[in-house]
2 protein chains.
Amino acid sequence: MTSRIFPTAQDAESAFYEALERADLEAMMAVWAEDEEVLCVHPAGPRLTGHAEIRRSWAQMFSGPARVRVHVAQQVAISGGMIAVHSVQESFTVEGASRGDAQPAPVWATNVYLRTAAGWRMIVHHASPAPGQPQSAPPEGGAPRKILH
Amino acid sequence: MTSRIFPTAQDAESAFYEALERADLEAMMAVWAEDEEVLCVHPAGPRLTGHAEIRRSWAQMFSGPARVRVHVAQQVAISGGMIAVHSVQESFTVEGASRGDAQPAPVWATNVYLRTAAGWRMIVHHASPAPGQPQSAPPEGGAPRKILH
């Protein structure tokens, strides 16, 4: 386990999506809080709880040959001291997939980060399929916004 | 708009599901923070932003003849001062529906609450379809747990 410290929730979020793109399990798990209270819902999947169960799901996901690029957009960031909540739209491009040009639909993700003694860590990742075309206008050009700090 | 004050995030959550069951639009919107930063994703729907857009979606949902009962279970509650995050499984029972006995699949919801000057209010409701049978064991009998307070 690497011991990277993320000074902001945004740093943790960037590391999360970098790890996902690189299919780097150790880097992925270094983003998560070392706590049994962590929760992960992959699109249309069950709710996974705890480090071990979440690690297993990413290991399975990263074990295939397909690599993905993730475009993260329309971020809304809400921060309240100890906890930060980011809502984003994830758009995946599959590289090396065997299904040709088929691309999965975009995904809405709610990512929750906790300020720990070791910097900001992810505690919740809830992802779910979005309609093919977002019907909701991007908030003010998609720039991150905060209502508290 | 009623001016109910919710002393805890749990009070706001209870009021949210009561309003949903009663299809009471004013009670529903009284749970939400009066803020343009509020976000709502209904299962497989777009991300709705702002009070007006979210109000419209509930008004549409409540306008039909069907009334629902919601069983909320497997709550995990995480609180960090200004923000509380609740993850729950919602199971719906449709009353008076025209489709007979068909029941919708369970739903995972991530509900985020903000401590405002007027008590705790909802700022994010992200709901998405869960697999028919949860594959993840309920955490310790489904009792609410907190990691911070």
Side-chain angles (χ1 to χ4, degrees), chain A residues 33 35-50 53-54 57 74 76-89 105-116 123-140 145-149, chain B residues 33 35-50 53-54 57 74 76-89 105-116 123-140 145-149:
Chain A
D35 198 300
E36 286 314 295
E37 291 284 352
V38 289
L39 301 174
C40 183
V41 180
H42 295 297
R47 184 180 67 180
L48 309 173
T49 55
E53 202 170 34
I54 292 172
S57 75
Q74 300 190 40
V76 177
I78 299 161
S79 180
M82 296 290 286
I83 290 181
V85 180
H86 291 192
S87 170
V88 296
Q89 189 188 53
V107 162
W108 289 123
T110 300
N111 297 324
V112 182
Y113 303 92
L114 179 68
R115 193 173 62 187
T116 74
I123 52 171
V124 176
H125 174 65
H126 179 173
S128 64
Q133 290 299 317
Q135 294 162 43
S136 176
E140 293 171 13
R145 295 180 297 170
K146 291 182 193 300
I147 60 169
L148 294 169
H149 59 93
Chain B
D35 199 299
E36 287 314 295
E37 292 283 351
V38 289
L39 302 175
C40 183
V41 179
H42 295 297
R47 185 180 67 179
L48 308 173
T49 55
E53 204 171 33
I54 292 172
S57 75
Q74 300 189 40
V76 177
I78 299 160
S79 181
M82 296 290 286
I83 290 182
V85 181
H86 291 193
S87 169
V88 296
Q89 188 189 53
V107 162
W108 290 122
T110 301
N111 297 324
V112 183
Y113 303 92
L114 179 69
R115 193 173 62 186
T116 73
I123 52 170
V124 176
H125 174 65
H126 179 173
S128 65
Q133 290 300 317
Q135 294 161 43
S136 175
E140 294 171 13
R145 295 180 296 170
K146 291 181 192 300
I147 60 169
L148 295 169
H149 59 93

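Residue numbers start from 1 in every chain, and the chains themselves are labelled A, B, ... in the order their sequence lines are given, proteins ahead of strands. Here the structure is a predicted model, which means the values were calculated and not measured.
For the pair I78(A)/V112(B), no side-chain contact is recorded, criterion being any heavy-atom separation below 4.5 Å from C-beta on. A heavy-atom distance below 4.5 Å is not found between the side chains of M82(A) and I83(B).
Partners of S57(A) according to the side chain to side chain donor-acceptor pair (under 3.5 Å) rule, which considers only residues two or more places apart in sequence or in another chain, are H42(A).
A donor-acceptor distance shorter than 3.5 angstrom exists from the side chain of R47(A) to the backbone of S87(B), with no hydrogens or angles considered.
Residue V107(A): no heavy atom, backbone or side chain, is found under 4.5 Å from chain B.
Nearest approach of S128(A) to H126(B), heavy atoms of both residues: OG-NE2, 2.8 Å. Annotation for P131(B) and P46(A): closest pair CG-N, 3.5 Å, computed over non-hydrogen atoms.
Counting heavy-atom pairs closer than 4.5 Å to chain A, the top-ranked of the candidates G50(B), G45(B), A127(B), A84(B) is G45(B).
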